[in-house]
Undergrad: 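Just passing along the structure, written as structure tokens.
Throughout, protein chains are lettered first and strands after them, A, B, ... in sequence-line order, and every chain is numbered starting at 1.
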Amino acid sequence: MATYLIRRLLIAIPSLLGISVILFTILALAPGDPFSEMATNPNVPPEVREALRASFGLNDPVMVRYLRWLSNMAQGDWGFSFASRINVDDLILQRLPTTLFVVGSSQILALCIALPVGIYAATRPYSVFDQIANTLAFIGFSLPTFFTGLLFILVFSVTLDWFPFVYRSDIAATGWRWYWEMFRQAIMPITVLGLFQAASYTRYVRSAVLDVIRLDYVTTARAKGLSERRVTLRHITRNALIPVVTLVALQMPAVFGGALVTEQIFRVPGIGSLLIDAILANDTPVIMAVTFVFSCLVVFFNLIADILYGWLDPRISFS
Amino acid sequence: MKDQEIRGLVADVKEGTLSRRSFMQKMAAVGIAAPMATQILMWNDVALANATLPYKPTKAGGGGPLKMLLWQAPTLLNPHFASGTKDQIASRIFYEPLAGWDKEGNLIPQLAAEVPTKANGGLSADGKTVTWKIKQGVKWHDGKPLTADDVVFTWEYAADPATAAYTTGSYKDIKVEKVDAHTVKVIFAEATPFWADPYVGVAGMIIPKHVFGEYKGAKSREAPANLKPVGTGPYKFVEFKPGDILTGARNEDYHVKVQPHFDTIEVKGGGDAVSAARAVLQTGEYDYAWNLQVEDEVLKRMETGGRGKISAVASGDIEFITLNTTDPWTEVDGERSSVKTKHPTLSDPAVRQAINLLIDRDSIQKFIYGRGGVATASFVNAPAQFKSQKLKYEFNIEKANKILDDAGWKKGSDGVREKDGKKLKYVYQTSINAPRQKTQAIIKQACQRAGIDLELKSVTASVFFSSDVANPDTYTKLYADMEMYTTTQPQPDPERFLNQFVSWEIATKENKWLGRNVSRYSDPEADKAYKAAQKELDPAKRAALLIKVNEIFCEANVILPILSRTRIAASLNNLSHDHSGWDVDSWNIAAWYRS
């Protein structure tokens, strides 16, 4: 197990290096510069823009800039944001908890809906419940989050006035009130993201369970006289979960992608909105760092998926 | 209007036979912006009228929280690094300049004890020095007193090229001396008519020497105070998450006794303009949202709820079209649109005049910008009611057709006019932005009816406004026949703003297209008038010269102004605020209150 983990982590290094080269090259080739805002302001002399470009190393060749970035990164220096001039790692650490809270909760919500609904629908295929669940799931993943997000705002904030639609990272309250306010403002973004994920997971869980449900060992289990409940949970679900775990793990980058939009709509100060702001401002060090964090998350979740396989099906060994 | 006449009017105001207001209107009629007009009056020792703003609360505090929503989030809090308005607004909550500009262009003292005039000895007769008296008893948020040393240090800090301060333009060519603990003298190299540039408004915020002293020059980025401001303003710093949220608490030692009204302030960032307007006008979650570049129809619909209101103030920002008089389609020495070339068709004044007649400014204002802009024919614009009388715009397709007919441009089989085998076909570029694309469409349609074919091109804003030398699509390169954008006029005085019309600022390959004259058009008359204005001490004569520079370019139809932009903000009905088109929205935030 330990050697397996080490081997996997070592494999991750060249992939992350490759990703960083590609990201850096694309960013360097992309047009625009971080000081464009000063362009139409006659008060900022062109020399200042030039001096800033020079001091931030923007005039050096791409190769030199990449190697500098890489060696700094290897020493734990993520660089500083051109826009706010603070260290990028501080900026990301400030945002990461919010993203993990919102994305994490929405994933839990999605699984809490998708697993029971998918399994129940699969055990009674083509029943009324199955038909309704399928239709809703279809609608759910056809509607993009920016649409449902706006719809939620119009219904629950503007018309009903139930929830705030501006997410605040600091709430001027303590104790239970703080938790309540935190929960209240997170409901809409988590629901929007969670429902969207739940829709696609439901369909996946259903088909995975349907694949397993007709296998011989399930018939055997039933023939042994095990209760339906035990058959479903122990024999069917556990085996059906393997492809679902892969899906959830591989979906993680897409979830963070979907969260970009959701974070922007509800003003959730997560790394998604940080990335969007950085892209708009051509803030290269931040874009590099955030996308790099995303890549690390992808690699990390793949690793988790592989470990979970072994737990779900001991025949898949680590050696 | 001749300068003698202006002088006559000033004398009338002094004697009391002409009201200040009528004077301003008369100035406006000849294209002198209100701030210029007040500078003229002040130069002539006519005191400021209405120099305080209405403020009803009788004690400081007790107003609860003030919640502002800036849909572009502030990213840093050092006013001298503030690249955009968002950072300037946030900085201005904690820092103050010696004086600020109100929406009529009046100079309002903030950290200064009084506005310098000739009468109080603040302005020297030769126009080379300005003496500022600093308010006594003002304390920094850490309890240390504000002195002349801080004011001198602010100059040293901003003028140092290694600091790379964005405000350096206001400080690099001056000298500042300490006279006594609460007096400083600003010394200009030459007589400077627009003396209210350093230490005033957006560029003028004073920073404490004892906090920033070690972080001047190359170390400027490392100053902890870049993110944790220590100022003199009405609110003290509490917490800041760049790009997200900024909080402050009432400064109990604020130097204006009954201000501020609110106990805490919160500035939240992120999202977009439409939803920011919604958070104020429809849900009332926030008190104030700024810079709402949203189609007016949308705002009007949101206002019907009755929770909040829109306020618009005029600014000097101008949306305009530049016609390229050089040839963008021929390369000379590795450069297109080179000054060595002439545009095959746009160098014909008749064609330029025809295009100007084909811009339906009234419709653009009415159907696209609404309260967001006022149609204009002048590049330099005063507050809305103050517009040049000489420059007039007209939308007249027939007249445009006639001018083109007379100039010998004949319609070909495809309906496009041509002469000597050259067709009136143009590429018309701008940045991606809904109102701009709609404006492009309106102009294209009118041009079609006059036999001019426009190919519309839109470039994403971050590329269009960048200084990327390798990119052909930046606005300064002007590799197109015509282009449209807004340029901001940061100070009420248009001198620096008008450097876009002088020959030595032409954007070329040599200066990496950093020159500010993007049209590449030059006129010795304009150069002469501009140079004379820079030295001209008499405000009346100077104003006349700057108006001339503006008129030369507009009358040549090289610069086609479309709209004088306004700054739009949304606020709750019970919030009494005051924002100015000549300063940032928070310039006078100490005097905001809830009724």
Undergrad: Less than 6.0 Å separating the ring centroids of B:Tyr171 and B:Tyr199?
TA: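 B:Tyr171 vs B:Tyr199: aromatic centres under 6.0 Å.
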Undergrad: By a 4.5 Å heavy-atom criterion (distance strictly below it), what part of B:Thr247 contacts chain A: side chain, backbone, both, or neither?
TA: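 Contact with chain A is through the side chain of B:Thr247 alone.
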Undergrad: Which of residues 89-105 of chain A have a heavy atom under 4.5 Å from any heavy atom of chain B?
TA: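 Counting heavy atoms that sit under 4.5 Å from chain B, the residues of residues 89-105 of chain A involved are A:Leu91, A:Gln94, A:Arg95.
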Undergrad: Side chain from CB out, backbone as N, CA, C, O: work out which of these in B:Ala165 comes under 4.5 Å of a heavy atom of chain A, or both, or neither.
TA: backbone
Undergrad: Side chain, backbone, both or neither: which part of A:Asn87 has an atom under 4.5 Å from a heavy atom of chain B?
TA: side chain
Undergrad: Is it the backbone or the side chain of B:Lys268 that comes under 4.5 Å from a heavy atom of chain A, or both, or neither?
TA: side chain
Undergrad: Can a side-chain donor-acceptor contact be found between B:Arg565 and B:Thr487 if the only test is distance below 3.5 angstrom?
TA: no
Undergrad: What part of A:Leu154 lies closer than 4.5 angstrom to a heavy atom of chain B: side chain, backbone, both or neither?
TA: side chain
Undergrad: Less than 6.0 angstrom separating the ring centers of B:Phe320 and B:Tyr485, yes or no?
TA: yes
Undergrad: So what's closer than 4.5 Å to chain B heavy atoms on A:Ile279: side chain, backbone, both or neither?
TA: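 Looking at A:Ile279, nothing touches chain B.
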Undergrad: Please check: side-chain N/O of B:Thr163 versus main-chain N/O of B:Gly217, any donor-acceptor pairing under 3.5 Å?
TA: yes
Undergrad: Between A:Arg85 and B:Glu222, is a salt bridge (charged side-chain N to carboxylate O under 4.0 Å, His left out) present by the stated rule, with each step listed?
TA: CA-CA 8 Å; A:Arg85 309 197 184 186; B:Glu222 294 156 29; over 6 Å; no
Undergrad: Among A:Pro164, A:Ser81, A:Ser157, single out the residue with the greatest number of heavy-atom pairs under 4.5 Å to chain B.
TA: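 It is A:Pro164.
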Undergrad: Based on non-hydrogen pairs under 4.5 Å, which of B:Gly515, B:Ser275, B:Gly243, B:Ala279 is most in contact with chain A?
TA: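 With the most close heavy-atom pairs to chain A, the winner is B:Ser275.
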Undergrad: Looking at B:Asp244 and A:Arg168, does any basic side-chain N land under 4.0 Å from a carboxylate oxygen?
TA: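 A salt bridge is absent here (no side-chain N lies under 4.0 Å from a carboxylate O).
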Undergrad: Determine whether the aromatic ring centres of residues B:Tyr215 and B:Tyr157 are separated by less than 6.0 angstrom.
TA: no
Undergrad: At a 4.5 Å cut-off on heavy atoms, which part of B:Tyr286 comes close to chain A: side chain, backbone, both, or neither?
TA: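 For B:Tyr286, side-chain heavy atoms alone lie under 4.5 Å from chain A.
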Undergrad: Less than 4.5 Å to any heavy atom of chain B: does that hold for the side chain of A:Leu274, its backbone, both, or neither?
TA: neither
Undergrad: Does this structure show an ion pair linking B:Lys67 with B:Glu266, if we count only N-O contacts that are shorter than 4.0 Å?
TA: no
Undergrad: Tell me if a side-chain donor or acceptor on A:Asp161 pairs with a main-chain N or O of A:Val158 at a distance below 3.5 Å.
TA: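 Answer holds: no.
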Undergrad: Any sub-3.5 Å donor-acceptor pair from B:Trp71's side-chain atoms to B:Asn291's backbone N or O?
TA: yes
Undergrad: Among B:Asn226, B:Val518, B:Leu69, which has the most heavy-atom pairs under 4.5 Å with chain A?
TA: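 The answer is B:Leu69.
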Undergrad: Which residue out of B:Ala164, B:Pro242, B:Gly284, B:Ala73 racks up the most heavy-atom pairs below 4.5 Å with chain A?
TA: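 Sorted descending by pairs with chain A, the first entry is B:Pro242.
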Undergrad: Go through the structure and list residues passing salt bridge (charged side-chain N to carboxylate O under 4.0 Å, His left out) with A:Asp60, not counting sequence neighbours.
TA: A:Arg68
Undergrad: Please flag which part of A:Ser273 lies under 4.5 Å from any non-hydrogen atom of chain B: side chain, backbone, both or neither.
TA: neither
Undergrad: Quick check: does any side chain N or O of A:Gln75 sit under 3.5 Å from a backbone N or O of A:Ser71, one acting as donor and the other as acceptor?
TA: yes
